[in-house]
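Being a predicted model, the structure only gives us computed values, none of them experimental.
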Amino acid sequence: MKRYVGIDVAQKECALCIVDDAGAILFEGTCVTDPDEIMRIIGAEVGDVEKIVHESGPLSIW
C-alpha cells in the first residue's frame with residue numbers, strides 16, 4: 001500500500017494528513033513546526049511513504 005503525506009507548514013504548528021493509495025485517511029493532526037518532529041510523527045504513524053508534499057511559502061526550503 002502506498003502512503004502519501006500532506007503538510008501545511010506554519011510558523012508555530014504544522015497540519016499533517018496521511019492517506020493511502022485509495023484515499024483513506026490514516027492520520028490527521030498537528031505538530032510543532034520542526035523538521036525532526038514532523039519526521040518523527042510520520043515515522044510513528046506509517047513508517048515509509050511514497051511521497052510527501054507541502055505548500056510553498058517562506059518555510060518551503062525544508
Which heavy atom of Y4 sits nearest to which heavy atom of D21, and what is that distance? CE1-CA, 4.0 Å
May I ask you to say whether D20 pairs ionically with K2, meaning some side-chain N is under 4.0 Å from a carboxylate O? no
Can you spot which of I38, T30, V9, D8 makes a side chain to side chain contact (heavy atoms under 4.5 Å, CB included) with L16? I38
To the nearest 0.5 angstrom, please state how far the CD atom of E13 sits from the CD atom of E37. 11.0 Å
When rounded to the nearest 0.5 Å, the distance separating CD1 of I42 from SG of C31 is 8.0 Å
Verify same cluster id: F27, V19 (apolar side-chain graph, 4.5 Å): no
CD of E45 to CZ of R40, rounded to nearest 0.5 Å, is 9.0 Å
Shared hydrophobic cluster, V32 / V5 (ILVMFWY, side-chain heavy atoms < 4.5 Å): no
Residues T33 and A10: closest non-hydrogen pair is OG1-O, 2.7 Å
